[in-house]
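First comes the structure, then the notes that go with it.
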Amino acid sequence: MVNYREILRLHSLNYSQREIAASVHSSRSTIQEVLSLASALKISWPLTPEITNAALQSLLYPERAEKNTDRMMPDFPKIHSELAKKGVTLSLLWTEYCTEAHAAGKIPYMSTQFGDLYRKWAQVSKATMRIQRKPGDTFEVDWAGKTIDIYDRVTGEITPAYLFVGVLSCSGLIYAEACMDMKAENFISCHVHAYEYFGGVTRLLVPDNLRAGVTKNTRYETVIPRAYREMAEYYDTAIVPARVKAPDDKPNAEGSVKFATTWILAAIRNYHFFSLEEAKLVVAEKLEELNDRPFQKRVGSRRSAYENEEKEFMQPLPNAPYEPAVWATAKIQNDYTVFDGLNRYSVPFDLIGEQVDIRLTKNTVEVFFHDSRVASHVRRKKAQRDAFMIPEHMPEAHRKYLSYNRDAFLSWAELAGPSVLRTVQCFLDSGKEPEQGYKYCASLMKAADRYGQLRVDAACERVLSFSSLPTLRNILTVLKNGQDKVPLNKEPDVEAKPVRRSQGITRGANAFRKGGANA
């Protein structure tokens with residue numbers, strides 16, 4: 001048998017065809033034919049020990065393994081290229097191959113032979129298998145089991161940092177990032193950074209059954225957290241969680257986690273990090289080394305496999321990166337505000353008692369009611385004592401209260417009348433600070449809405465006529481009794497009551513004096 005392995009090895013060392021022919025004891029035409037067929041099938045050195053000369057012969061000369069020489073040889077490079085397309089399967093390509101073979105008057109291989117030949121070609125040619133792992137199809141994610149120690153510079157206390165690991169199923173390109181926790185916000189941010197690192201998005205996203213990625217995953221129902229689902233919709237990818245206790249659903253992530261544990265976490269085991277930023281930088285450096293590390297059984301690395309096999313099939317990134325958001329629910333209390341953990345923000349007051357959804361991002365606080373946004377605020381970085389209120393969210397009375405100040409009360413009083421102005425000035429100056437008189441001024445304004453400004457001014461005039469310090473109680477009493485309608489220079493007439501004469505005999509004082517005449 002021709003030594004096909006030695007021919008390919010010597011050719012990779014740039015030996016001439018004459019020299020190769022002399023070494024393997026074959027004719028120059030045989031050497032030329034073998035190299036031509038190998039080039040067409042993209043078979044090159046190095047080859048693994050499992051690829052024998054017999055295996056190479058079955059690929060280069062499949063007709064020699066068959067008694068019937070009329071069989072049509074599949075075009076493996078074309079098959080490999082077609083398998084990368086969405087929805088294309090090996091069964092479909094075999095059907096098309098059979099049609100072509102019959103049209104050419106040739107006999108096609110059976111489907112099992114067809115598949116075996118393709119798999120053997122993919123193994124020999126170092127092509128990434130595309131039967132189950134299509135390029136740009138799946139992104140598998142998980143958290144590494146081991147952690148990174150972050151030391152406090154003063155106390156020496158150790159805080160664990162966690163390693164997010166994601167891998168593209170086809171090329172095996174890995175993304176890893178250190179985080180302080182495994183909460184939803186960090187989990188989603190790592191996805192965003194991974195897509196930016198890859199420069200594209202896969203069709204499917206396969207997470208493990210962790211709390212940040214899956215709320216419920218049973219045989220009958222799958223529930224994805226709203227924040228995670230929103231991120232997937234933004235990048236136009238679909239979340240397909242792995243089955244519970246089924247690591248085979250994400251074999252690449254499982255293997256990559258172990259690989260990252262060895263080449264990242266174990267490699268930095270003797271490092272002492274004093275901040276998360278230091279850990280992130282070192283992890284990023286180790287990640288580049290890992291992706292550039294040559295494969296053991298085939299040519300290239302994870303990065304070269306991604307560049308050559310998968311990059312062109314990734315979905316494009318959106319124009320702007322996704323801003324990670326955290327969703328929560330809350331029942332609106334009587335103060336008609338929501339809490340983001342640091343500050344309170346207003347919502348429309350008519351939602352008091354209702355259940356709303358809160359979307360928190362780094363820069364915004366949004367409130368949704370029945371999937372409609374009802375409030376939006378710029379998120380504050382520092383805690384404030386008072387809530388951040390939008391006037392339109394408040395009842396009319398509360399809006400008026402916020403508008404209260406000395407100048408506003410005096411401006412209203414000038415329009416209401418001179419006596420009202422004097423009274424308001426007295427209210428504002430009666431305490432140590434003007435704010436102590438605000439409630440009396442506000443009550444006087446309500447009285448003007450009820451009785452009219454003219455009556456209130458007249459009531460203030462009457463009270464000021466007998467007191468230099470008018471009180472709200474006196475003014476309201478005058479209004480209720482209608483005394484404001486009586487002019488000050490004319491007191492009401494008092495009708496003289498008729499004198500009632502006594503009937504019968506009356507006695508004088510002497511009759512009751514002790515020792516009197518009648519005693």
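- Here the shortest heavy-atom pairing between T202 and Q315 reads O-NE2, 3.9 Å.
- Using a distance-only test at 3.5 Å, with no hydrogens or angles considered, no donor-acceptor pair links the side chain of T361 to the main chain of P324.
- Among residues at least two apart or in separate chains, there is no salt bridge (charged side-chain N to carboxylate O under 4.0 Å, His left out) pair with a member in residues 317-330.
- Ring orientation note: the planes of F187 and Y228 are tilted relative to one another, at an angle of 30° to 60°.
- Take E277 and apply the side chain to side chain contact (heavy atoms under 4.5 Å, CB included) test, not counting sequence neighbours, and it matches S275.
- Although no hydrogens or angles enter the test, the distance criterion places no donor-acceptor pair under 3.5 Å between the side chain of N291 and the main chain of R303.
- Figure legend: cation-pi geometry between R380 and F388, with NZ or CZ positioned under 6.0 Å from the six-membered ring centre and within 45° of its axis.
- The aromatic rings of F164 and H191 sit tilted relative to each other, their planes meeting at an angle between 30° and 60°.
- Considering only heavy atoms from C-beta on, R293 stays 4.5 Å or farther from S301 through its side chain.
- Contact annotation: the side chain of V165 never approaches that of V141 to less than 4.5 Å [non-hydrogen atoms, C-beta and beyond].
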Inset, instruction - Step by step, work out the salt bridge (charged side-chain N to carboxylate O under 4.0 Å, His left out) result for D386 and R344. - result: CA-CA 8 Å; D386 298 327; R344 305 198 72 86; over 6 Å; no

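- A ring-centre distance under 6.0 Å is found for Y235 and Y195.
- Within the 3.5 Å criterion, the main-chain N or O of E310 finds no donor-acceptor partner in the side chain of S171.
- The two residues Y118 and H80 make their nearest non-hydrogen contact at OH-ND1, 3.0 Å.
- The side chain to side chain donor-acceptor pair (under 3.5 Å) pairs that include a residue from residues 442-452 number zero, where partners must be two or more places apart or lie in different chains.
- Within 6.0 Å of the CZ atom in R359, the count of heavy atoms belonging to other residues, nucleotides or ligands exceeds 12.
- More than 12 heavy atoms of other shown residues, nucleotides or ligands fall within 6.0 angstrom of atom CG in L210.
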